[in-house]
Amino acid sequence: MGLKIMYMKVFVQCSIAFFLCAMSSAQFDINYEETKVPEFKVPEPLTTFSGERISTPQEWDTKRRPEVYEFFERKVYGKVPGPLDKVTFKTLEEGNNALGGKALRKQVEITLRKNGKSIRFTLLIYLPKGASKIPVFLGYNFHGNHTVTAEDEVLISNAWSMNNASLNIDNHQLTAASRGGRAHRWAIDNIIEKGFGLATIYYGEIDPDKSDMNDGIHALFYEKGQERPKRDEWGSLSAWAFGYSKALDYLLTDDAIDPTKVIVFGHSRLGKAALWAAASDQRFAGAISNNSGCGGAALSKRRFGETINVINTQFPHWFCHNFKGYNNNEEALPVDQHLLLALVAPRPLYVASAKEDQWADPQGEFLSAYHTSKVYELFHKKGISEAQLPEIQQPIQNTVAYHLRAGKHDVTEYDWEQYLIWAHKMFNINP
């Protein structure tokens with residue numbers, strides 16, 4: 001009987017997902033044809049809004065970068081309302097023989113306090129044993145730290161989660177039934193063997209991925225009677241980016257970690273957050289966007305796959321309210337996502353796509369990396385010189401890097417292999 005009920009739940013959830021996809025396509029008239037991409041002009045990266053030409057790194061840093069950042073902050077992702085009152089760290093667990101004895105494991109509780117309120121999240125860290133000044137990838141996970149590894153010692157969050165039948169998550173509650181269920185996305189053994197560390201956080205502990213905006217970090221900053229951020233204040237993506245920075249605050253205190261080599265990583269919506277985190281916090285040494293799509297690496301003006309109207313309708317809590325003014329109005333944007341990528345310059349940047357992930361617009365992600373290369377070249381860093389989308393699994397690994405992988409929307413061993421090769425090259429790390 002229990003097995004029958006489980007199959008029925010899976011069938012119902014799959015049916016709902018299929019219905020929502022069909023409804024989305026019908027409601028929004030999604031375009032997957034290059035011939036239907038509208039004509040548009042890519043905003044010039046090295047020309048200010050007033051028409052002044054930028055010709056030096058100093059001019060970029062003092063004139064162009066500030067105005068581009070301010071636009072994204074006020075009109076797209078939303079600004080953080082102010083500083084926290086206090087941030088504290090507490091080590092919850094340590095293991096000296098993790099992953100079969102090859103790694104050290106640490107679980108650190110980070111508490112954020114504001115206006116007499118607080119939230120807590122747990123940072124799970126794996127570091128290669130016997131190493132020092134270790135470079136680290138920092139990334140969010142979607143369904144709890146315990147899903148990235150099968151190790152029993154990894155704590156299970158009690159935060160709200162999206163249901164997921166494949167991970168046995170029901171009633172929005174995380175349990176041991178999903179332990180190790182997303183290990184394939186993290187390649188921890190390979191990361192450790194190549195001399196890197198991994199730090200990960202369950203993103204729902206910063207802000208649950210639902211539109212009520214009352215049960216995550218936002219509420220710490222609310223004035224009396226306030227229930228949602230103001231029009232130009234942070235949506236969930238900006239909140240997750242803020243959480244990345246607070247995790248970095250801890251990593252910079254850990255003597256085993258190289259503070260100059262923390263690379264922020266994100267997949268899908270968390271790739272969007274990773275890019276905004278790197279743009280907002282220049283302490284990050286570099287950024288990796290894996291299949292981040294609309295609002296991430298993909299050019300919005302192409303209106304291919306997911307669009308601004310679609311994303312703001314389906315996920316009204318991700319961006320600030322002001323961004324809704326560009327629903328079906330991409331031509332009015334004085335920026336596009338190549339300028340978000342440019343905010344990472346001159347630090348290393350990797351954009352990755354998957355061939356079958358047309359929703360995220362691989363062509364748009366690649367062109368964004370191509371157009372941002374002008375800014376990198378200003379800093380004498382090598383970007384992408386040709387506007388032709390590379391063949392599948394033919395990576396371009398310069399300071400601005402890109403690859404198109406075979407397959408669907410996911411993170412794979414192939415992706416991590418490329419990130420590790422690139423990171424060794426960019427940060428002068430011996431394999």
Side-chain angles (χ1 to χ4, degrees), residues 41-84 221 229-235 237-246 248-249 260 262-264 266 272-287 289 292 295-301 308 318-323 325-326 330 332-349 351 368-381 383 399-400:
K41 186 176 180 180
V42 176
E44 172 55 52
L46 298 178
T47 301
T48 67
F49 293 146
S50 64
E52 182 181 352
R53 181 70 181 170
I54 299 299
S55 58
T56 68
Q58 292 75 21
E59 289 176 345
W60 168 262
D61 287 336
T62 59
K63 296 180 180 180
R64 184 60 166 151
R65 190 185 194 282
E67 68 173 9
V68 169
Y69 181 83
E70 183 185 14
F71 183 89
F72 277 107
E73 183 183 46
R74 290 175 41 249
K75 297 293 189 178
V76 182
Y77 302 101
K79 63 184 181 182
V80 178
L84 291 163
F221 291 80
K230 297 174 184 177
R231 297 179 65 90
D232 65 346
E233 288 181 348
W234 52 354
L237 288 169
S238 187
W240 296 326
F242 185 76
Y244 271 128
S245 288
K246 296 304 104 184
L248 180 60
D249 287 348
T260 68
V262 178
I263 306 160
V264 64
K272 309 179 206 297
L275 290 171
W276 183 235
S280 301
D281 191 336
Q282 296 186 70
R283 297 176 302 170
F284 285 111
S289 154
S292 62
L299 292 174
S300 297
K301 292 179 187 290
I308 292 175
W318 282 5
F319 300 88
C320 73
H321 184 83
N322 283 340
F323 194 43
Y326 297 97
E330 287 89 347
L333 276 169
V335 301
D336 211 329
Q337 296 307 106
H338 66 302
L339 282 167
L340 171 66
L341 303 186
L343 294 174
V344 181
R347 293 163 292 161
L349 167 71
V351 174
S368 192
Y370 165 73
H371 286 294
T372 203
S373 294
K374 284 185 179 181
V375 179
Y376 278 82
E377 289 162 5
L378 192 68
F379 286 88
H380 305 289
K381 302 292 184 179
T399 305
V400 179

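- Closest of all the heavy-atom pairs between Ala297 and Ser292 is N-OG, 2.9 Å.
- Residues Tyr244 and Ala277 share a closest heavy-atom pair of CD1-CB, 3.7 Å.
- Shortest non-hydrogen contact noted between Ala287 and Val344 is CB-CG1, 4.4 Å.
- Here CG of Leu333 is found 6.0 Å from CZ of Phe323. Values are rounded to the nearest 0.5 Å.
- Annotation: salt bridge (charged side-chain N to carboxylate O under 4.0 Å, His left out) contacts involving residues 336-348, sequence neighbours excluded, are absent.
- Pro43 is listed as a side-chain neighbour of Leu339, based on a closest heavy-atom distance under 4.5 Å.
- Taking 4.5 Å as the limit, every side-chain heavy atom of Ser238 sits out of range of all side-chain heavy atoms of Phe319.
- One N or O on the side chain of Thr372 and one on the backbone of Ala342 form a donor-acceptor pair closer than 3.5 Å.
- If you take CG on Leu299 and NE2 on His371, they are separated by 6.0 Å, rounding to the nearest 0.5 Å.
- Between Val335 and Lys301 the shortest heavy-atom distance is O-CE, 3.7 Å.
- Phe221 is not listed as a side-chain neighbour of Glu233, based on a closest heavy-atom distance of 4.5 Å or more.
- Salt-bridge formation is not detected for the pair Arg53/Glu59: no Lys NZ or Arg NE/NH1/NH2 atom is positioned less than 4.0 Å from an Asp or Glu carboxylate oxygen.
- Considering CG of Asp61 and CZ of Phe379, their distance stands at 4.5 Å, rounded to 0.5 Å.
- For the side chain to side chain contact (heavy atoms under 4.5 Å, CB included) with Arg283, the qualifying choice from Val262, Asp249, Thr260, Val264 is Asp249, the only one to do so.
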Practice prompt. Determine, stepwise, if the pair Glu44 / Lys374 fulfils side chain to side chain contact (heavy atoms under 4.5 Å, CB included).
Written response: CA-CA 9 Å; Glu44 172 55 52; Lys374 284 185 179 181; 3.1 Å; yes

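- Rounding to the nearest 0.5 angstrom, the gap separating the CD1 atom in Ile263 from the CG atom in Leu349 is 11.5 Å.
- Proximity of the aromatic rings of Phe242 and Trp276 is defined here by a centroid distance below 6.0 angstrom, and this criterion is not met.
- Taking each heavy atom of Gly78 and Cys320 in turn, the nearest pair found is CA-CB, 3.6 Å.
- The shortest non-hydrogen separation linking Pro334 to Tyr326 is CD-OH, 4.3 Å.
- Here the CG atom belonging to Leu378 is positioned 8.5 Å from the CH2 atom belonging to Trp60, to the nearest 0.5 angstrom.
- Residue pairs meeting the salt bridge (charged side-chain N to carboxylate O under 4.0 Å, His left out) criterion with at least one member in residues 63-76, sequence neighbours excluded, are Glu52-Lys63, Arg64-Glu67.
- Note that OH of Tyr77 and CG of Asp232 are 16.0 Å apart. Values are rounded to the nearest 0.5 Å.
- Under the side chain to side chain donor-acceptor pair (under 3.5 Å) criterion, Thr48 pairs with Ser50, sequence neighbours left out.
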